[in-house]
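If you're wondering where the values come from, they're calculated on a predicted model, not measured in any experiment. First the proteins, then the strands, lettered A, B, ... as listed; each starts at 1. The basis for the numbers below is simple: all heavy atoms, side chains too, and nothing from hydrogens, waters or symmetry mates.
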Amino acid sequence: MEKIAVLVEHRQNEVRDITFEMLGKAHQLLEGGGEVIALFLGDVSQKGLLDQITPHAHRTVAYLDSNLKDFEPLRYQAAFTNIFENVDCQLILMGQTAFGMDFAPAIAAKWKIPFTTDVVDIEASEELHAIRQMYSGKVNAKVSLKPGEKMLCTVRAGAFPAEDIPTVSGELQEITGAIEGDFSARTFVEYLEAAVGDVDITQADIIVSVGRGIKDADNIPIAQELADALGGVVACSRPVADKKWLPKERQVGTSGKTVKPKVYIALGISGAFQHQAGMKGANTIIAVNKDPKAPIFSIAHYGIVDDLFKVVPALTEKVKELRG
Amino acid sequence: MDIIVCIKRVPETAEADLVIDGSKKAIDTDGLVFSINEWDNYAVEAAIQLKEAEGGTITVISVGPEENNEVLRRALAMGADEALRLTDPAFEGSDAYAMAKILAAAIKDIPHDLILTGVQADDDGFGAVGVALAQMLELPYAALVTDIKKEGDTLTVHRELEGGLEEVDTLKLPALLTIQTGINEPRYVSIMGIRRVAKKEIGAKGVADLGLSEEEVGLKGSLSQIEELFFPPVGEGAEIIEGTMDEKAEALVKILKERGGIG
Ligand SMILES: Cc1cc2nc3c(=O)[nH]c(=O)nc-3n(C[C@H](O)[C@H](O)[C@H](O)COP(=O)(O)OP(=O)(O)OC[C@H]3O[C@@H](n4cnc5c(N)ncnc54)[C@H](O)[C@@H]3O)c2cc1C
């Protein structure tokens with residue numbers, strides 16, 4: 001492999017971490033040789049963002065157009081066509097993010113580019129192999145891509161470090177000129193910020209978090225009682241918020257909050273990567289789960305393999321005793 | 001408004017002890033319980049709510065063996081009008097791209113204003129079929145949809161971004177949306193409801209009926225393939241606390257005290 005292109009991801013005038021994670025991986029795959037190419041689609045007013053990119057790519061190709069400020073897939077696709085036809089590379093990396101999930105499969109289908117998604121590792125010795133997870137992280141799959149002129153992988157956020165990316169003297173190549181076409185079939189309107197709730201879980205030192213294993217809204221008080229005894233707050237995984245058992249602001253994970261408490265107690269949470277992304281920074285993680293193979297145990301510091309409906313009352317009792 | 005919903009039947013694996021089968025390319029599904037993919041269940045409910053407001057029909061489509069009729073019947077019981085199963089030995093090994101081709105071939109013959117799929121499937125987690133399908137059908141689309149409003153031939157949707165942020169977009173029909181969990185509260189399906197649709201005929205189409213060749217589907221028609229499955233390396237992992245329930249609780253309290261878990 002000689003040339004790898006990384007599609008820069010930015011939103012609300014910030015370069016997103018996934019960009020640096022992909023740039024780092026691209027450098028690693030090329031082992032110092034070859035060319036890392038950053039692809040940037042954006043508005044002229046966002047040109048300043050390129051200062052963060054160009055040092056880490058041998059070449060940055062930026063398509064600047066006033067209509068590329070916010071992501072619109074049809075317009076972005078038209079802009080990308082120009083890049084695609086003019087940039088020589090063997091592998092394209094995009095994020096498996098709200099942006100990449102809305103863009104990459106269409107690009108791959110349009111040009112029949114061999115691709116796979118949500119990759120957690122890439123091996124590119126002779127042939128390209130991607131490692132991706134199945135069954136919510138219980139099984140890994142080694143995937144091969146049909147040999148093609150170009151290949152595409154979308155990369156899971158957090159799979160590769162965003163720090164210590166090699167610095168190379170990168171040249172900037174700007175493409176300007178209006179993108180032709182009618183893109184009114186899908187248009188961006190605005191962003192909606194998350195609602196603010198009564199409890200801010202990001203400020204809590206102690207979090208008791210419940211997952212689908214809590215089974216029913218009626219069982220939430222079991223967790224609340226433990227949280228009260230510990231002086232903490234109750235948070236949750238996505239299905240609990242989806243079912244409205246707890247408000248959305250209590251959800252931990254990629255599409256919820258990122259928390260870094262002293263102690264995070266995960267009750268009946270399997271530990272899908274979208275959940276892990278929001279809590280793996282906790283100082284101490286304690287998991288209670290019936291399934292010894294639950295992925296949560298791979299990042300927890302302490303684990304109890306048992307029924308949470310037995311463990312939690314026993315624990316609450318002991319904490320209350322201690323407090324007198 | 002005529003709506004097509006693509007649904008998948010998947011094994012429930014959250015609490016199961018998975019075994020990789022002899023081929024090393026699949027898991028052994030003996031003894032696993034199957035159900036409708038969680039995301040697709042929300043998509044079926046979204047279709048029914050739109051139909052209740054706007055009128056029209058709902059057709060549900062699933063790719064897979066006869067057992068897939070279970071999830072199709074379930075969707076009929078929820079309120080879908082027609083069901084179609086796409087099945088052929090040649091489909092074996094299809095990746096997200098080949099799967100989208102199969103669905104596109106079937107959907108071309110069915111009138112539609114809107115196509116819904118789940119964001120992703122519980123089992124392989126590609127999160128790619130819906131958007132690839134939209135591209136093949138040359139429809140405007142949006143992924144990760146958490147809200148849908150219709151006015152005339154325009155949809156206003158919310159897309160979920162990271163960290164609780166959302167985005168509002170407008171789309172012109174016909175269009176395709178991939179539905180995110182939590183968009184609604186899927187209705188309960190009673191046994192009576194399933195019984196009511198037990199006799200309903202579910203058509204099946206194979207590769208030739210869809211006007212596809214065997215080269216276009218399955219492994220041959222795919223852009224990627226699984227070489228091997230393996231269990232993720234465990235790393236250091238958690239220190240597992242053993243003992244009687246009392247001992248476990250006692251040990252936990254000690255850890256909590258040490259680690260600042262009692263505030
Ligand atoms: C784009 C996108 C964004 C997402 N964002 C998020 C996010 O921000 N946050 C998030 O959490 N998820 C998110 N998800 C969903 C994620 O993929 C998982 O589906 C979800 O995290 C699973 O939640 P869970 O662990 O509670 O449920 P499950 O995976 O169903 O796990 C339940 C667990 O409970 C255990 N259990 C059951 N009963 C008991 C009992 N009595 N005692 C002990 N243990 C028991 C089971 O063994 C199992 O491990 C997102 C998904 C997508 C596609």
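- Of the two parts of B:K257, only the side chain, counted from C-beta on, holds a non-hydrogen atom closer than 4.5 Å to a non-hydrogen atom of chain A.
- With hydrogens and angles disregarded, no donor-acceptor distance shorter than 3.5 Å links the side chain of A:K244 to the backbone of B:E185.
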- I would like to know whether A:S184 and B:K172 meet side chain to side chain donor-acceptor pair (under 3.5 Å); could you show each step before the answer? CA-CA 8 Å; A:S184 61; B:K172 281 196 192 135; 2.8 Å; yes

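- Only the side chain of B:Y42 comes within contact range of chain A, with at least one heavy atom under 4.5 Å from a heavy atom of that chain.
- B:L144 touches chain A through its side chain: at least one heavy atom from C-beta onward sits under 4.5 Å away, while N, CA, C and O do not.
- With a 6.0 Å radius and a threshold of 12 heavy atoms from other residues, nucleotides or ligands, B:E215 has its CD atom above the threshold.
- Contact annotation: the side chain of A:E193 approaches that of B:L165 to within less than 4.5 Å [non-hydrogen atoms, C-beta and beyond].
- A:R238 and B:E38 are not joined by a salt bridge, as no carboxylate oxygen comes within less than 4.0 angstrom of a charged side-chain nitrogen.
- Contacts of B:E138 with chain A are absent, with no heavy-atom separation under 4.5 Å from either backbone or side chain.
- Heavy atoms closer than 4.5 Å to chain A are found nowhere in B:P186, neither backbone nor side chain.
- A salt bridge does not link B:E258 to A:K262: none of the charged nitrogens lies less than 4.0 Å from a carboxylate oxygen.
- Between B:D124 and A:R132, no side-chain nitrogen of the basic residue sits less than 4.0 Å from a carboxylate oxygen of the acidic one, so the salt-bridge criterion is not met.
- Looking at B:A142, both its backbone and its side chain come within 4.5 Å of chain A, counting heavy atoms on both sides.
- Contact annotation for B:E239: both backbone and side-chain heavy atoms come within less than 4.5 Å of a heavy atom of chain A.
- Within residues 224-233 of chain B, the residues having any heavy atom less than 4.5 Å from a heavy atom of chain A are, in residue-number order, B:S224, B:Q225, B:I226, B:E227, B:E228, B:L229, B:F230, B:F231, B:P232, B:P233.
- Both the backbone and the side chain of A:K112 come within less than 4.5 Å of a heavy atom of chain B.
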